[in-house]
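These notes are about the structure you will find just below.
We count residues from 1, following the sequence as given.
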Amino acid sequence: MNSTILSKAIILVTGMSGTGKSSVLAELARRGHQTIDTDYDGWSELLEDLGQVWREDRIDALINEHNLGALFISGTVSNQWKFYPRFNAIVLLSAPLEVILERVATRKTNDYGKTTEQREEIINYFKTVEPLLRSGATFEIDTRKPIEQVATELELIITHPGIETI
């Protein structure tokens, strides 16, 4: 990339299961960016009454301690909205439902979406949760294009002159 990266940028990459969040984070990491997938390593927890949520103390510390360059945080949890004001951008990765269902059925890196019950859950979330994510997003990227192009579009967001640093 030839553009200058903001001295400090924190980007949330969100979207439904199967939209390519983990794949694009892997590509961004390969390009040298700091990435955190909050589905792993204790960044989130399952609460009986709220479902999957971020461990707010850990996310707060992560954001507070980030001082230089771009940090891409990926996740889709019920309490992510609490952190929206602290992100330079909230990017929704999206794809048509049939593409999502095909991806989760054939992916080898994650078993979620393989059962009939999970597929029905994904369909329900696509109808009920994705519109909420879209309403809070500052950017949306259709992930039917190659993952390298999606990563490049995310890199362009961190160089966008309209984004202010935190």
I'd like to know whether Ser23 forms a side chain to side chain donor-acceptor pair (under 3.5 Å) with Arg103, so could you lay out the CA-CA distance, the side-chain angles of the two residues, the decisive distance to 0.1 Å, and finally the verdict.
CA-CA 12 Å; Ser23 297; Arg103 286 179 180 169; over 6 Å; no

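Proximity of Asn88 to Ile158: side-chain heavy atoms (C-beta onward) are nowhere separated by under 4.5 Å. For the pair Arg31 and Thr152, the minimum side-chain heavy-atom distance is below 4.5 Å. Annotation: side chain of Leu62 is not in contact with side chain of Ile10 (no heavy-atom distance under 4.5 Å). Using a 4.5 Å cut-off on side-chain heavy atoms (C-beta onward), Glu102 and Glu98 make no contact. In this structure, the side chains of Phe83 and Leu12 stay at 4.5 Å or more apart for every pair of heavy atoms. Looking at heavy atoms from C-beta onward, Asp60 lies in side-chain contact with Arg86 at the 4.5 angstrom threshold. In this structure, Val104 and Ser17 have side chains that are in contact, with non-hydrogen atoms separated by less than 4.5 Å. With contacts defined as side-chain heavy-atom distances shorter than 4.5 Å, the pair Thr76/Lys21 qualifies.
In terms of heavy-atom proximity, Leu28 sits nearest to Leu154 at CD1-CD1, 3.8 Å. Shortest non-hydrogen contact noted between Phe126 and Pro131 is O-CD, 3.6 Å.
Between Leu71 atom CG and Ile63 atom CD1 the span is 8.0 Å, to the nearest 0.5 Å. Here the CG atom belonging to Leu93 is positioned 7.5 Å from the CD1 atom belonging to Ile147, to the nearest 0.5 angstrom. Atom CD1 in Ile36 sits 12.5 Å away from atom CZ in Phe72 (nearest 0.5 Å). One finds the OH atom of Tyr84 at 5.5 Å from the OG1 atom of Thr14 (value rounded to the nearest 0.5 Å). To the nearest 0.5 angstrom, Ile100 atom CD1 is 7.5 Å from Met16 atom CE.
Both Val129 and Ile123 belong to a common hydrophobic cluster when Ile, Leu, Val, Met, Phe, Trp and Tyr are linked at side-chain heavy-atom distances under 4.5 angstrom. Residues Trp43 and Val53 fall into different hydrophobic clusters, defined by Ile, Leu, Val, Met, Phe, Trp and Tyr side chains chained together at heavy-atom separations under 4.5 Å.
Of the listed residues (Gln118, Arg107, Glu121), just one forms a side chain to side chain donor-acceptor pair (under 3.5 Å) with Tyr112, and that residue is Glu121.
For Glu117, the CD atom is loosely surrounded, since the number of other residues' heavy atoms within 6.0 Å does not exceed 12.
A distance-only check finds a donor-acceptor pair linking the side chain of Asn67 to the backbone of Glu65 [under 3.5 Å].
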